[in-house]
Amino acid sequence: MIPHRLKSARAKAKLTQEKLGVLAGIDESTARSRVSQYESGTYSPNFDTMCHFARVLNVPECYFYITDDAFAEQVLALYEAFHAQQNNLRQN
């Protein structure tokens, strides 16, 4: 997992560390510290936890694992465009 991606996705979603952790299913008493440790790279969350973070943050799971920053941003843009298109189709 690329720690700075978790932090930037959380900031973009305007969530605190505690709120992200709670929404992802982490106990409220440890949510802030666990997310902080993941963002700093002290600990790495398991894939299941990353899937929960991705769902809450509305990003693809792979975004947190792609090593090339430019490619990760392209994947994120494609994901966002795909979901915007899906939403438009549902409205029509």
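Residues take their numbers from the sequence shown, with the count starting at 1. Computed from a predicted structure; not experimentally measured.
Two different hydrophobic clusters hold Phe71 and Leu6 under the rule that ILVMFWY side chains link at heavy-atom gaps under 4.5 Å. Residues Val22 and Leu57 are members of separate hydrophobic clusters, defined by side-chain heavy-atom contacts under 4.5 angstrom among Ile, Leu, Val, Met, Phe, Trp and Tyr.
Here the closest heavy-atom approach between residue Ser40 and residue Pro3 is recorded as C-CB, 4.4 Å.
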What side-chain donor-acceptor pairs closer than 3.5 Å can you find for residues 45-55, not counting sequence neighbours?
residue, atom, partner, partner atom, Å
Asn46, OD1, Asp48, N, 3.2
Asn46, OD1, Thr49, N, 2.7
Asn46, OD1, Thr49, OG1, 2.9

Which side-chain N or O atoms in residues 75-82 pair as donor and acceptor under 3.5 Å with protein atoms at least two apart or in another chain?
residue, atom, partner, partner atom, Å
Tyr79, OH, His83, NE2, 3.3
Glu80, OE2, Lys12, NZ, 2.8

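Tested against Glu39, the residues Lys7, His4, Gln17 include a single side-chain hydrogen bond (donor to acceptor under 3.5 Å, both in side chains) partner, Gln17.
Expressed to the nearest 0.5 Å, how far CD of Glu18 lies from OG of Ser29 amounts to 9.5 Å. Going from atom CD of Gln91 over to atom CD of Gln86 covers 12.0 Å, rounded to the nearest 0.5 Å. Atoms NZ and CG, from Lys14 and Leu20 in turn, are 15.5 Å apart once rounded to the nearest 0.5 Å.
The side chain to side chain contact (heavy atoms under 4.5 Å, CB included) check on Arg5 picks up Ile2, Tyr63, Phe64, Ile66, Asp69, Ala72, with sequence neighbours excluded.
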